[in-house]
Amino acid sequence: MNGSGEHEDRTRGRLATLLAEVSTEALGTVGGRVGGVYLRTDTPGLLRLAVIAGLPKQLFRPWWRLHADRPFPVADSYRLGVQVVLPDATETMRRYPQFAAGLPFQFGSMYLPVVGETTTFGVLVVLHPAAPDAVAGLPDRDRVAQLAEDLGADLRELAGGDESAIVWEGEPMNVRPPSAARPERGRVGRFTWDPAGGTVTPDARLRAMLALPAGEDVPDVPTGPGVRDAPDGPGGNVRAEAFADAVAPGEARRFLGALRDTGAGRPPALPLRLHAGDGSPRWVELWAAETERPSAPEAAAPGPEAGLPPDPGRAGGCLRAEGGAASPPAAPAPPPASARTAASAASGDRTAGAGGGPGPGVHGLVVDPGRDAMGDSAADLLPGGVFCLDRTGLVRYVNPPAARLLGPAREELLGRPLWEPMPWWSRSPCDDHLRAALLSPEPVHFQVRRPDDRGRDSPAPSGEGDGGWLALSVYPGPDLLTCTVAPVRRLETPEPDEVEPTGPRLSRLRDDTAAPPGGAAVTAPFYRPIALAIALTDAVTARQVSAVVMRELLPAFGGRRLAIYLLQERHLYLAWESGFPQGFLAPFDGVGLDARLPGVETLTSGRPQFYESMDQLTAAYPGMPVDAHEGSRAFLPLIASGRPVGSCILGFERSRSFSTEERTVLTALAGLIAHAMERAQRYDSEAALARGLQQALLPRRLTEHPHVETAGRYLPGTEGMDVGGDWYDAVEAGDGLALVIGDVQGHGVQAAATMGQLRSAVRAFALSDQPADLVLSGTNRLLIDLDPGQFASCCYVRLDPVTGLACFARAGHLPPLLRAPDGRTRVLDLPGGVVLGVDPHARYPMTELHIEYDAVLALYTDGLVERPGADIDDGITALRVALARAGALPGRRGGRSLSGTADRLTANARHSADRPDDVALLLAARRERPRAGRR
């Protein structure tokens with residue numbers, strides 16, 4: 001490896017260390033649940049999550065990448081260089097509804113920019129329990145702000161003067177957060193029994209463990225052949241009977257018997273499992289002093305960390321010797337029969353020499369694994385399924401019933417991320433429930449059908465419920481998630497009308513979702529917010545936004561009725577209705593903001609209104625007409641960035657309650673809808689302006705020539721900004737006629753304005769009867785001078801109506817089509833130059849062709865032949881065939897007017913509801929007898 005490569009590796013390693021340290025320190029500083037750092041990437045404006053602590057990275061995958069222009073707190077902090085503090089879910093929902101809709105949980109958050117000398121490296125993020133207000137979190141914010149400042153200084157130093165080198169391109173690192181409480185450490189002590197004197201000599205650690213009176217023992221006894229295990233001093237020995245009572249008060253006789261048997265050469269085959277006075281387990285290992293010990297490497301072999309091997313019921317449950325005491329990484333475990341030498345090595349036992357020298361009497365170890373082991377042993381005996389996860393998703397404990405219900409064996413689960421042996425945990429609905437448990441303090445309850453290894457629904461184990469449905473509860477803690485799992489027993493089948501969502505995060509099943517046994521409603525995660533947010537990004541008109549709300553929002557809550565009102569000049573006008581009786585909402589259309597109506601007052605007050613029954617609604621607004629006598633209603637204000645947009649009404653067929661979580665989510669979604677509606681209103685205004693501008697710039701009628709018939713058609717797009725820069729024209733050019741078609745990139749007012757400038761420039765060149773190649777060259781230079789960065793395609797044809805000579809020049813435009821009088825139609829594959837507006841020195845070759853009488857020349861833009869996912873050549877071929885079949889001109893058999901041919905060629909595009917781009921078409925034909933041109 002070369003030096004630069006080694007330096008890069010060290011830099012990346014140091015960067016990873018810095019990010020991990022600051023994330024965990026930030027969590028410890030504020031008692032947070034999740035911490036992380038976003039860093040910039042090589043792609044301008046794109047941030048990537050570099051490290052996350054306290055949440056499995058798999059559950060945060062939708063937020064791994066984030067654009068700096070998105071309406072999210074991370075993006076604002078990075079782009080504006082400011083701190084963003086959101087003390088609770090309400091403030092998050094008010095300021096960042098899209099973010100709140102994706103994570104509708106009760107938590108607060110902080111976002112602090114990590115700043116360099118000349119740039120912002122990224123953002124430090126901390127999610128913490130909700131605070132009563134922003135003022136209460138000021139001290140914490142100051143401490144986290146200092147961490148962000150220190151991280152910025154460290155990154156500047158790491159960059160070594162090149163701050164652009166600090167970027168992150170890979171997946172995020174997952175870091176285990178600091179433990180909220182120091183785990184109880186296991187303890188190991190050793191002793192020697194002298195059969196002749198009947199006394200036991202414990203070491204200092206064992207004496208402290210058993211609370212024996214202090215003696216003249218030394219912490220570590222010298223080792224080697226012939227060296228005694230403990231000194232003979234006053235108070236250094238304990239009578240065997242007293243020692244047995246201290247180790248296991250209720251099992252002293254059993255312990256003494258094992259001592260005597262070991263001294264007689266009959267040591268127990270397995271470690272003794274005894275119990276202390278408080279009932280906690282203790283393990284005792286005995287061996288005769290004359291027994292030769294294995295060498296050190298062999299002694300360490302049984303344990304994965306030079307400690308005791310893990311118990312099958314625990315992950316990483318080995319006892320590691322740290323500073324002379326055993327420390328359980330996850331939880332301590334009882335030593336197996338072969339663990340004598342490993343346990344001795346773990347405790348630092350050096351009773352015999354490295355070569356295995358003998359010693360007198362009986363040697364022993366006492367292992368106190370701590371209270372965790374006692375709790376796990378008790379949980380193993382429970383009839384219900386119990387398992388535990390840490391905050392990175394690793395399975396730390398699972399009892400036998402849980403393993404049986406979940407599917408994989410305990411050995412396959414322990415110490416692994418939950419979704420490795422069970423991939424269905426990383427998909428909906430389970431992943432959303434785990435996010436809820438990790439981010440909010442309340443337990444989460446849900447039901448799920450366990451799939452088999454091939455992803456299909458799996459039947460339950462024999463005698464374990466029905467159909468593979470499992471009921472799970474997740475109880476969040478500071479370090480662990482404790483989960484219970486039980487089979488879903490068959491329930492009585494309720495009436496269909498009785499199956500209504502009644503608690504938080506409930507929704508009706510979709511038709512393609514399997515129902516639980518008995519037809520009971522399933523507690524499905526509320527994944528609709530993300531689906532709604534994604535769908536709204538594609539909706540650009542008020543009607544499209546309303547349709548998305550109808551499709552995504554109502555099914556999530558079992559709603560049947562929807563009305564959306566938009567504010568205009570201090571009046572609310574009905575923009576969308578569905579499910580209400582015909583004509584019922586007409587009297588409310590155009591009501592003023594002074595009307596006492598729930599749909600008005602929810603907007604003027606900015607607060608949502610929820611009525612769990614129609615009686616509640618009529619009591620609050622006596623005399624107001626209602627559309628039903630039974631049901632419930634939700635009135636939501638549509639407010640975008642503090643600006644009132646309108647109000648939204650949701651109607652439900654039956655009376656129902658609205659949980660706190662449902663109210664939070666609905667209010668957040670209302671903000672999301674408001675932003676989409678505001679964007680739609682801006683679009684409508686700009687589209688109307690662009691349409692007016694374009695209609696003014698397109699030719700009202702084409703220039704007429706007695707020997708040329710022309711017809712033109714223009715259709716705007718139906719998606720997005722539906723006014724583009726397509727145009728066509730027919731201009732007098734000396735004694736000939738110039739035919740022009742072009743397409744300016746983009747849509748909207750700018751494209752329409754550029755199109756008008758180009759049309760004027762081409763007309764000016766054509767009227768001076770410039771050659772076709774010079775017309776395009778001059779237009780190209782003019783476009784570059786007027787608007788650098790804007791470009792357009794164009795095809796220019798100068799036709800001599802008398803001789804039929806046509807001179808063609810193309811600038812990146814699609815090839816023309818020519819239909820001969822006999823119906824044969826071909827693509828004119830003519831040479832051309834680059835699009836206009838790119839190269840000021842571009843040249844545009846000119847091609848001359850002869851156009852027969854009654855032949856039809858077709859110029860068109862890509863909107864007529866291009867479809868998403870299809871080859872544009874196929875579209876050109878389809879247009880060629882359609883032109884061939886369109887029929888001959890009048891005067892010939894089956895002939896039709898050129899205008900009729902244009903209508904026929906654009907019929908499919910005109911009737912299509914999905915037209916992603918605008919369409920322009922110009923047809924021209926020579927006529928032998930003089931004929932008035934027409935459009």
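Given the structure is predicted, the values throughout are model-derived calculations rather than measurements.
The two residues Gly35 and Leu27 have their closest heavy-atom pair at N-CD2, 3.4 Å. The minimum heavy-atom distance between Arg391 and Gly477, with the atom names listed, is NH1-O, 3.5 Å. The two residues Ala437 and Leu481 come nearest to each other via the heavy atoms O-CD2, 4.2 Å. Taking each heavy atom of Leu127 and Ser109 in turn, the nearest pair found is CD2-CB, 3.4 Å. The shortest non-hydrogen separation linking Tyr78 to Ala68 is CD2-CB, 3.9 Å. Closest non-hydrogen pair, Asp368 versus Met209, comes out as CB-SD, 3.8 Å.
Rounded to the nearest 0.5 angstrom, Cys388 SG and Asp479 CG are separated by 11.5 Å. Going from atom CG of Leu418 over to atom CZ of Arg396 covers 13.0 Å, rounded to the nearest 0.5 Å. Here the CD1 atom belonging to Ile166 is positioned 9.5 Å from the CZ atom belonging to Arg12, to the nearest 0.5 angstrom. The CG atom of Leu439 sits 10.5 Å away from atom CG of Leu434, with the distance rounded to the nearest 0.5 Å. To the nearest 0.5 Å, atoms CG (Leu470) and CG (Leu472) are separated by 6.0 Å. Here CZ of Arg282 is found 7.0 Å from CZ of Arg187. Values are rounded to the nearest 0.5 Å.
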**Asked** Would Trp283 and Arg273 count as a side-chain contact (heavy atoms from CB on, under 4.5 Å) if you check the C-alpha gap in whole Å, the side-chain angles of each, and the deciding distance to 0.1 Å?
**Response** CA-CA 5 Å; Trp283 299 87; Arg273 179 184 172 93; 3.1 Å; yes

**Message:** The test is side-chain contact (heavy atoms from CB on, under 4.5 Å); show your working for Leu15 and Trp168 and say whether it passes.
**Reply:** CA-CA 10 Å; Leu15 175 61; Trp168 191 271; 4.0 Å; yes

**Request:** Give the C-alpha distance, both sets of side-chain angles, the deciding distance and a yes or no for side-chain contact (heavy atoms from CB on, under 4.5 Å) between Tyr397 and Thr482.
**Result:** CA-CA 9 Å; Tyr397 168 77; Thr482 301; over 6 Å; no

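Under a 3.5 Å cut-off, the side chain of Arg48 and the backbone N or O of Thr41 do not form any donor-acceptor pair. Formation of a donor-acceptor pair under 3.5 Å by the Gln106 side chain with backbone atoms of Ala130 is not found in this model. Arg65 contributes no side-chain N or O that, together with a main-chain N or O of Leu46, makes up a donor-acceptor pair within less than 3.5 Å. Side-chain atoms of Arg435 come within 3.5 Å of backbone N or O of Leu59 as a donor-acceptor pair. Of the possible polar contacts, one joining the Asn174 side chain to the Leu55 backbone as a donor-acceptor pair under 3.5 Å is found. When atom types are taken as modelled, the side chain of Trp419 and the backbone of Pro421 share no donor-acceptor pair closer than 3.5 angstrom.
Residue pairs satisfying the side-chain hydrogen bond (donor to acceptor under 3.5 Å, both in side chains) criterion with at least one member in residues 31-40, sequence neighbours excluded, are listed as follows: Arg40-Thr119.
Considering only heavy atoms from C-beta on, Val114 stays 4.5 Å or farther from Val22 through its side chain. Residues Phe60 and Val34 have side chains not in contact (no heavy-atom distance under 4.5 Å, counting atoms from C-beta outward). Using a 4.5 Å heavy-atom threshold, the side chains of Phe387 and Leu413 count as separate. Side-chain contact check for Lys57 versus Trp64: some heavy-atom pair is nearer than 4.5 Å. Contact check for Tyr475 versus Thr484: side-chain heavy atoms found under the 4.5 Å cut-off. Within the 4.5 Å cutoff, side-chain heavy atoms of Pro417 are placed close to those of Leu394. Val37 places a side-chain heavy atom less than 4.5 Å from the side chain of Ser23. At least one side-chain heavy atom of Leu438 sits less than 4.5 Å from a side-chain heavy atom of Pro56.
The side chain to side chain contact (heavy atoms under 4.5 Å, CB included) test with Leu39 is passed by exactly one of Val123, Leu47, Leu19, Val167: Leu19.
Under the 30°/60° scheme for interplanar angles, the aromatic rings of Phe446 and His433 are found to lie parallel.
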